[in-house]
There are 2 protein chains.
Amino acid sequence: MLESEGSTEPLDNPLALESQICFALAVASRGVIGAYRSVLEPISLTHPQYLVMLALWQHEKLPMREIARLLRLEPATVSPLVKRLEALDYVTRTRSDSDERIVEVTLTDTGRELRKTAEAIPGTMMAKLGMDVDGVRELHAVMQKIIASVDAAAEAEG
Amino acid sequence: MLESEGSTEPLDNPLALESQICFALAVASRGVIGAYRSVLEPISLTHPQYLVMLALWQHEKLPMREIARLLRLEPATVSPLVKRLEALDYVTRTRSDSDERIVEVTLTDTGRELRKTAEAIPGTMMAKLGMDVDGVRELHAVMQKIIASVDAAAEAEG
DNA sequence: GAATATTACTTAGTGCCCTAATGGTTAGTG
DNA sequence: CACTAACCATTAGGGCACTAAGTAATATTC
């Protein structure tokens, strides 16, 4: 009896796997990112690379710092990630003239072209996961609350 | 104008970062796992290692295969993870007598002892994230729906 | 104007997560 | 009985995410 899926009372044992705040969230996140894989593979993007491209399709050109802030990642994570996008010829990296500490990331023509293909992805993913616009909005609201709690906790911790 | 936090209409631009099913979920998941860090650090556990320990506190002894299934991870992910737990002297790994393909993972006395300390963690985390039992239950329900959708999509894909 | 602090990015190191390939072990079939 | 198929665990390799430490450029302070 190693089944755990049938539990309807997730909190009778606080140390049960199903009772953890983190577990279902982590599984769902990994699962959804995994579901993107086959959709992103044809355009040679991983999921976080796709997120960088989304940011650039919105803003055309962004400094590294801003990409990290928008994606809520450490600069040290974004740095090699953007280098791979450069290797794919989707972006270029150039030092700013006014402040040579800053590296500006800009879409190439190839990267800009890719947007047309990418426009189908949100719809594809919603269909794939059987979600509608309201479902996405609801999920977004719940996640936003969690993120706010995490931020507050991090603030309190320093 | 690089702000994105103020958006109240997440779906007016389907390619906007905030409109993605994946993005808020990934940020929330990373954030919550990050919030566990300072709580797990005193007992030398990372988050996925903690999940393995939870499974073992529930079952005392599990084959590798079963840990991977319960945690929804690939066996190749669990293998080095459990080795680190063995290095910490929290678990032992022994080949099954009846089927020598199987590696049984068992709690050591140290690992069993650790449960007492760990019993405080769920409460600590709920307090830290400002959640109550109902909040956890609600989050769990929403995540369960997502996971079911992901499973259905994976099933359809083959 | 020189010393100090801050900022932007990168590198190194650890761990997680996946896919693909490998090596044993068991079970099923002619 | 030998052969094949299935199964379990591991290794190898790529990418992601974090922390800590390092380099270079800009700001600040005296």
Side-chain angles (χ1 to χ4, degrees), chain A residues 22-23 26-38 40-41 44-52 62-69 71-88 91 93-105 150 154 157-158, chain B residues 22-23 26-38 40-41 44-52 62-69 71-88 91 93-105 150 154 157-158:
Chain A
C22 53
F23 179 54
V27 171
S29 176
R30 266 192 287 117
V32 169
I33 289 174
Y36 272 82
R37 217 182 303 274
S38 64
L40 293 176
E41 191 265 323
S44 305
L45 289 178
T46 63
H47 182 257
Q49 288 168 8
Y50 172 61
L51 296 181
V52 174
L62 288 169
M64 294 290 288
R65 182 93 208 139
E66 194 59 19
I67 294 176
R69 193 187 69 82
L71 266 50
R72 287 171 154 270
L73 291 170
E74 294 303 316
T77 302
V78 176
S79 186
L81 208 159
V82 168
K83 281 194 175 174
R84 283 177 210 111
L85 290 177
E86 190 183 31
L88 287 167
V91 306
R93 302 179 320 118
T94 49
R95 292 265 164 202
S96 163
D97 286 338
S98 56
D99 186 340
E100 292 196 6
R101 293 171 301 181
I102 295 175
V103 172
E104 309 263 25
V105 183
V150 169
E157 208 158 297
Chain B
C22 53
F23 178 54
V27 171
S29 177
R30 264 192 288 118
V32 169
I33 290 174
Y36 272 81
R37 218 182 302 276
S38 64
L40 293 177
E41 190 265 322
S44 305
L45 289 179
T46 63
H47 182 256
Q49 287 168 9
Y50 172 62
L51 296 181
V52 173
L62 288 169
M64 294 291 288
R65 184 92 209 142
E66 194 59 17
I67 295 176
R69 193 187 70 81
L71 267 50
R72 289 171 155 268
L73 291 170
E74 293 303 315
T77 303
V78 175
S79 188
L81 208 158
V82 168
K83 280 195 175 173
R84 284 179 209 111
L85 290 177
E86 190 183 32
L88 287 167
V91 306
R93 302 180 321 120
T94 48
R95 292 266 164 199
S96 163
D97 286 337
S98 57
D99 185 341
E100 293 196 7
R101 292 172 300 183
I102 294 175
V103 172
E104 309 263 25
V105 183
V150 169
E157 208 158 298

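No experiment lies behind these values; they were computed from the predicted model shown. Note on naming: letters A, B, ... go to the chains in the order of the sequence lines (proteins, then strands), and numbering restarts at 1 for each one.
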Check the pair B:Val103 / B:Ser79 against side chain to side chain contact (heavy atoms under 4.5 Å, CB included), numbers first and verdict last. CA-CA 10 Å; B:Val103 172; B:Ser79 188; over 6 Å; no

At a heavy-atom distance below 4.0 Å, what parts of residues 26-34 of chain A sit against DNA chain D? none

B:Pro63 versus B:Ile102, closest heavy-atom pair with distance: CB-CG2, 3.6 Å

B:Glu41 CD to C:dT14 C1', in whole Å, measures 14 Å

Between A:Val27 and A:Arg30, does the side chain to side chain contact (heavy atoms under 4.5 Å, CB included) criterion hold? Intermediate values first, please. CA-CA 5 Å; A:Val27 171; A:Arg30 266 192 287 117; 3.9 Å; yes

I need the CG-C1' distance between B:Leu73 and C:dG15, as an integer number of Å. 13 Å

Across nucleotides 1-15 of chain D, 5' to 3', mark each nucleotide with B, S or - according to how protein heavy atoms within less than 4.0 Å reach it. ------BSSBB---S

Euclidean distance, atom CZ of residue B:Arg37 to atom P of D:dC18 [Å, nearest integer]: 7 Å

Side chain of B:Arg93, backbone of B:Glu104: donor and acceptor closer than 3.5 Å? no

List the steps, then state whether side chain to side chain contact (heavy atoms under 4.5 Å, CB included) holds for A:His47 with A:Leu51. CA-CA 6 Å; A:His47 182 257; A:Leu51 296 181; 3.8 Å; yes

Considering only heavy atoms from C-beta outward, does the side chain of A:Gln49 approach that of A:Val52 to under 4.5 Å? no

Just the dot-bracket of DNA chain D, please: which string comes out with Watson-Crick or G-U pairs under 3.5 Å, [ ] for crossing, | for another strand? ||||||||||||||||||||||||||||||

Please assess A:Ile67 against A:Leu73 for the test side chain to side chain contact (heavy atoms under 4.5 Å, CB included), listing each intermediate value before the final yes or no. CA-CA 8 Å; A:Ile67 294 176; A:Leu73 291 170; over 6 Å; no

Can a donor-acceptor pair be found, under 3.5 Å and without considering hydrogens, that links the side chain of B:Arg37 to the backbone of B:Thr46? no

Value in whole Å for how far the P atom of C:dC16 lies from CG of B:Leu51: 11 Å

For a side chain to side chain contact (heavy atoms under 4.5 Å, CB included) with A:Val78, tell me which candidate from A:Arg69, A:Met64, A:Arg65 qualifies. A:Met64

Answer with base, sugar-phosphate or nothing: what part of the nucleic acid does B:Glu74 contact at a heavy-atom distance below 4.0 Å? base

